[in-house]
Amino acid sequence: MVEVDMGQERVTFERVLVEPRWNPQAIEPKWQARWEEAGLHRVPDDDPRPKWYEMTMYPYPSGDLHIGHWYAMAPSDAHARFRRMQGYRVLHPMGFDAFGLPAENAAIRHGIHPFTWTMNNIERMRKQLRSIGAIYDWTREVNTCLPEYYKWNQWLFLQFYKHDLAYRTRAPAVWCPSCQTVLANEQVVNGRCERCDTPITRREMEQWFLRITKYAEELLDFSGLIDWPERIITMQRNWIGRSEGVEVGFSIAHLGVQEKEVRVFTTRIDTIYGVSFLVLAPEHPLVPKLTTPERRAQVEAYVENARRQSDIERLSTEREKTGVFLGTYCVNPFNGERVPIFTADYAVAWYATGAVMGVPAHDQRDFDFAQKFGLPIPVVVAPPGWDGQPLTQAWEGPGVLVNSGPFTGMPSQQAKTAMADYAERQGIGRRAVVYRMRDWLISRQRYWGTPIPVVYCDACGMVPVPEKDLPVLLPLDAQFKPTGESPLLYHEGFLRTTCPQCARPARRETDTMDTFVDSSWYFLRYVSPHDTQRPWDPELVLRWLPVDQYTGGAEHAVMHLLYSRFFVKALRDMGLLHFSEPFLRLYNQGVITYLGEKMSKSRGNVVPPDPYVQRLGADTVRVYLMFLGPWEKGGDWSVSGINGATRWLNRVWEVFRRPSSALGGKPVNEASRRALLRKLHQTIKKVYNDLDRFQFNTAISALMEFTSALQDAWERGDVGADLWEEAVEKGILMLAPIAPHIAEELWEQTGHPFSVHTQPFPRWSEALAAAETVTLVVQVDGKVRDRIEVPADLPEEEAKRLALQSANAQRQLNGRKVQRVVFVPGRMLVNIVTVPAP
RNA sequence: GCCGAGGUGGCGAAACGGCAGACGCGGCGGACUUAAAAUCCGCUGGGGCACCGCCCCGUGUGGGUUCAAAUCCCACCCUCGGCACCA
């Protein structure tokens with residue numbers, strides 16, 4: 001017997017779950033087999049109807065489908081089905097993000113090969129995914145760990161390389177000691193590894209990068225999108241972090257080193273007369289060169305200490321400023337003043353030039369530093385009402401320049417322009433734009449990923465593998481080390497190769513690609529997943545792309561979504577694609593929790609959907625998840641809550657199957673007929689518009705009301721057989737995208753030919769949906785005092801007259817004088833505004 | 001610290017300038033039953049009364065705009081996400 005943890009007590013399903021009465025255990029497999037057999041979800045490419053490409057983020061095959069997957073997939077399937085019923089040819093594919101570290105960890109821990117582990121998981125998950133009853137066309141499944149897919153990762157890498165968008169360089173990289181690999185900056189969260197939460201360290205090594213920064217400016221342009229959440233756009237904008245300013249050189253020509261100046265970047269060129277020191281990041285290459293012999297020991301100790309500190313320590317905002325004087329000076333190009341040079345870890349090496357001009361009066365960080373080291377704090381931008389006294393904190397706002405040579409007296413905004421112009425004229429600086437975003441580090445020192453198709457030859461150096469030799473296969477006979485080192489490092493058969501240029505012995509690159517490379521273009525592969533000649537069929541890409549609607553979790557805001565946008569723009573510039581944005585509309589569903597906590601294996605509170613599906617049916621689980629609340633907000637899984645879904649479907653099963661012939665011989669009552677017809681059309685309108693906008697919860701509540709209306713009509717027995725049949729038929733059609741199996745069964749049992757899922761969604765008539773009588777709301781001074789049933793087309797004058805006559809309103813008017821009567825057209829509301837009687 | 005989203009019954013929520021709490025969960029009462037489950041019916045924001053109805057209060061807090069505010073504006077408090085020494 002299946003047990004479920006309900007907080008304190010453990011309860012059996014038998015005791016808490018309402019029994020479904022439509023036998024989902026029988027009808028769901030029956031219809032799934034029938035759909036399969038009829039090829040109902042096969043998506044032909046030559047369908048002339050308008051296309052709709054609706055995609056859900058593909059899952060990582062971790063082993064079992066959990067309720068979070070269902071929450072992502074069931075509602076998006078309902079939406080895709082709705083689009084299909086609206087008359088689109090819909091592509092709603094599914095695949096597996098099959099490369100990644102968990103497979104390798106399983107190999108190290110349990111001795112099972114990543115390939116076996118992954119393929120077993122995929123097989124299990126495919127079965128579970130089928131149980132959702134979604135319209136996935138499984139002939140289009142994409143599996144990124146198969147050579148037929150990753151071959152094209154390698155091919156794309158070569159195209160990027162050819163176009164100077166992939167390069168290799170030695171750079172300090174973020175290293176996760178637990179995952180034993182470098183990470184992209186995007187994969188670091190608060191100084192910890194995004195995947196395993198281990199504090200990261202830094203390592204200098206040869207790495208492969210993709211030149212995403214070349215597209216920084218275009219990636220900031222979101223105008224090609226139709227509908228994206230504003231917060232995702234904001235997060236991307238912040239991530240890219242564009243700053244406009246001026247890069248200026250502070251001369252060090254007198255020090256006799258090779259470099260003639262230290263370049264700094266500033267957004268506040270207007271404060272340059274207030275510079276009283278210069279700060280270089282500890283990793284700045286000029287630090288050793290500009291250190292005097294007597295300072296060397298101290299500086300080296302500081303730099304070494306900074307290097308050893310973890311990012312978490314270095315990043316903490318509240319710590320006191322530290323730093324060391326190098327013993328040398330540079331020259332301020334604007335006023336010729338001598339400026340002492342420090343190194344301090346509040347300057348970060350990778351941003352802009354890695355050097356900061358210290359303007360303590362106008363930057364709080366510089367102010368703190370200057371105070372600590374007793375440096376002068378000259379004011380060059382007067383704060384409002386400034387009395388000439390020393391500042392107690394930095395003034396970072398605008399103002400009028402003082403003590404700034406020829407620029408004195410200018411407002412800061414104007415001074416910025418004038419001083420930038422001056423710097424450019426004098427050749428001491430230039431306007432510059434810098435970005436926070438850095439190039440995308442794609443190499444991983446792991447086995448279970450796409451091998452980077454490059455060989456190293458002693459004679460020819462680094463040589464890309466020719467396209468005809470792809471794929472570079474990942475060897476399956478790998479030995480996994482408990483140390484976590486990549487088996488590729490020791491695999492002779494993989495390592496030894498010959499140089500494609502000179503045919504002499506050469507060595508293969510052992511790094512593999514970040515799995516985000518796989519997901520940066522998988523939406524292109526779905527259109528021709530088995531093409532062996534090219535990554536995608538350009539004809540079909542023209543026919544299907546871009547993706548019209550993408551849905552998935554918000555956790556991919558900056559990584560996957562930004563990388564995909566970059567890929568599409570880069571491939572467009574190579575002439576391989578005809579569009580600039582991969583995903584026109586984006587919708588982020590919320591997170592499903594259990595007992596108020598995020599589900600996770602470590603907490604042991606992961607809700608497995610399978611027992612519920614087996615017992616209550618996929619339709620029930622679908623309905624419950626969609627009814628829970630707004631999709632974007634997520635919600636808490638509750639065992640008692642799902643009973644609401646079962647009860648409703650039981651009622652639907654019971655009521656929709658009542659034959660019109662058994663309606664009872666009562667004479668037809670026109671008012672009853674009109675009432676049911678009106679409810680029907682109101683429901684169609686509501687469900688249509690709600691499904692259109694992912695508002696599943698209110699769509700279902702409308703269908704629940706409609707079910708009750710049908711039930712009432714049945715009990716009255718006076719609506720007529722024809723209307724009863726029409727109402728039931730349209731009710732089933734509205735149910736079809738939400739609960740596809742029970743809808744199909746009802747469709748058959750009510751005498752309709754297969755299949756309900758090839759039918760158009762019902763349309764409503766505004767005239768029939770319009771109410772005949774409405775409630776006239778009578779307010780006195782904004783408070784509701786009476787409600788009167790009136791004809792919907794009651795003229796304004798009549799409404800006002802009725803309102804003033806209302807006994808309840810009259811009572812309120814006692815001793816007061818009517819000042820004004822407000823009528824709200826289209827609302828049937830009258831507000832009587834009064835003043836005290838004289 | 002900065003940016004964004006959000007605070008509505010016992011709970012999930014709906015309404016997004018015009019009847020606050022639709023729909024559902026839970027609870028209470030009733031019908032059916034030997035009994036229980038299931039099902040069906042009724043009630044369910046708080047308080048008051050001269051209780052078949054009516055009145056007062058009520059959408060995080062305080063102000064404002066409006067004939068009318070959960071909804072718009074300002075300030076503050078709290079919760080959740082993102083960024084965080086970015087020059």
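Here is how names work: the chains are called A, B, and so on, in the same order as the sequence lines, proteins then strands, and each is numbered from 1.
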* Could you tell me whether A:Phe627 and A:Trp648 have their ring centroids closer than 6.0 angstrom? => no

* Asked: To the nearest angstrom, how far is A:Met357 atom CE from B:A87 atom P?
  -> 12 Å

* If you measure from the P atom in B:G6 to the same atom in B:G17, how many Å do you get, rounded? -> 13 Å

* Asked: Using the C1' atom in both, what is the distance from B:C74 to B:U65, to the nearest Å?
  -> 11 Å

* To do: Can you check each nucleotide of nucleotides 3-12 of chain B against protein heavy atoms at under 4.0 Å and return B for base, S for sugar-phosphate only, - for none, in 5' to 3' order?
  => SS-------B

* Asked: Mind checking what makes side chain to side chain donor-acceptor pair (under 3.5 Å) contact with A:Asp786, not counting sequence neighbours?
  -> A:Ser806

* **Pairwise C1' distance for B:U71 and B:A14, with rounding to whole Å** => 13 Å

* To do: For B:A5 and B:A38, measure between their C1' atoms and round to the nearest Å.
  => 43 Å

* Asked: Which residue, A:Val824 or A:Phe265, contacts RNA chain B at a nucleotide closer to its 5' end, judged by nearest heavy atom?
  -> A:Val824

* Establish, from distance only, whether the side-chain atoms of A:Glu654 and A:Asn650 form a donor-acceptor pair under 3.5 Å. => no

* **Side-chain touch A:Asn588/A:Arg231, heavy atoms, less than 4.5 angstrom** => yes

* Is the closest side-chain donor-acceptor distance between A:Arg811 and A:Asn808 under 3.5 Å? -> yes

* Asked: Does A:Arg436 count as lying over the ring of A:Trp239, i.e. NZ or CZ under 6.0 Å from the six-ring centre, within 45 degrees of the axis?
  -> yes

Show each protein N/O and nucleotides 54-58 of chain B N/O combination with a separation under 3.5 Å, one pair to a line.
{"residue": "B:C54", "atom": "OP1", "partner": "A:Asn808", "partner atom": "ND2", "Å": "2.8"}
{"residue": "B:C55", "atom": "OP1", "partner": "A:Arg785", "partner atom": "NH1", "Å": "3.1"}
{"residue": "B:C55", "atom": "OP1", "partner": "A:Gln812", "partner atom": "NE2", "Å": "3.2"}
{"residue": "B:C56", "atom": "OP1", "partner": "A:Arg785", "partner atom": "NH2", "Å": "3.2"}
{"residue": "B:C56", "atom": "OP2", "partner": "A:Arg785", "partner atom": "NH1", "Å": "3.0"}
{"residue": "B:C57", "atom": "OP2", "partner": "A:Lys783", "partner atom": "NZ", "Å": "3.1"}

* Structure fact -> Pairs under 3.5 Å (Watson-Crick or G-U), crossing ones as [ ], inter-strand ones as |: RNA chain B comes out as (((((((..(((.....[....)))((((((.......))))))(((((...)))))..(((((..]....))))))))))))....

* To do: Starting at atom CG of A:Leu703, determine the distance to atom P of B:G24, rounded to an integer number of angstrom.
  => 12 Å

* Structure fact -> To the nearest 0.5 Å, atom OG1 of A:Thr266 lies from atom NZ of A:Lys416 at 8.5 Å

* Interatomic distance where CZ belongs to A:Arg647 and C1' belongs to B:G24 [whole Å] -> 10 Å

* Asked: How close do A:His556 and A:Met57 get, heavy atom to heavy atom, and via which atoms?
  -> ND1-SD, 3.4 Å

* Determine whether any donor atom in the side chain of A:Arg820 lies under 3.5 Å from an acceptor atom in the base of B:C67, or the reverse, and answer yes or no. => no

* Base, sugar-phosphate, or nothing: which does A:Val356 touch, judged by heavy atoms less than 4.0 Å apart? -> base

* Rounded C1' spacing from B:G82 to B:A22 in Å -> 34 Å

* Structure fact -> All heavy atoms of A:Ile67 vs all of A:Trp637, minimum pair found to be CD1-CZ3, 3.5 Å

Please produce a list of atom pairs where a protein N or O lies less than 3.5 Å from an N or O of nucleotides 27-32 of chain B.
none

* Structure fact -> Whichever of A:Pro630 and A:Ser708 has the more 5' nearest nucleotide on RNA chain B, that residue is A:Pro630

Pairs: protein N or O with nucleotides 42-48 of chain B N or O, under 3.5 Å:
none

* Distance between P atoms of B:A70 and B:C85 (Å, rounded) -> 42 Å

* Expressed in whole Å, how much space separates the P atoms belonging to B:C72 and B:C19? -> 15 Å

* To do: Just say parallel, tilted or perpendicular for the rings of A:Trp631 and A:Phe696, cut-offs at 30° and 60°.
  => perpendicular

* So, A:Gln819 and A:Thr834: side-chain donor and acceptor under 3.5 Å apart, yes or no? -> no

* What interatomic distance, in whole Å, is found between P of B:G4 and the corresponding atom of B:U59? -> 26 Å

* Asked: Are side-chain N/O atoms of A:Tyr302 and A:Thr322 paired as donor and acceptor at under 3.5 Å?
  -> yes

* Asked: Hey, would you say the A:Phe373 and A:Phe342 ring centroids sit under 6.0 Å apart?
  -> yes

* Is any side-chain nitrogen or oxygen of A:Arg436 closer than 4.0 Å to OP1 or OP2 of B:A84? -> yes

* Between C1' of B:A22 and CD of A:Gln682, the distance in whole Å -> 13 Å

* Asked: Can you tell me if A:Asp439 uses its side chain to pair, donor with acceptor, with the backbone of A:Thr213 under 3.5 Å?
  -> yes

* **Which atom of A:Val248 lies closest to which atom of A:Ala423, heavy atoms considered** => CG1-CB, 4.4 Å

* Asked: Does A:Arg565 reach the main-chain N or O of A:Leu561 with its side chain, forming a donor-acceptor pair under 3.5 Å?
  -> no

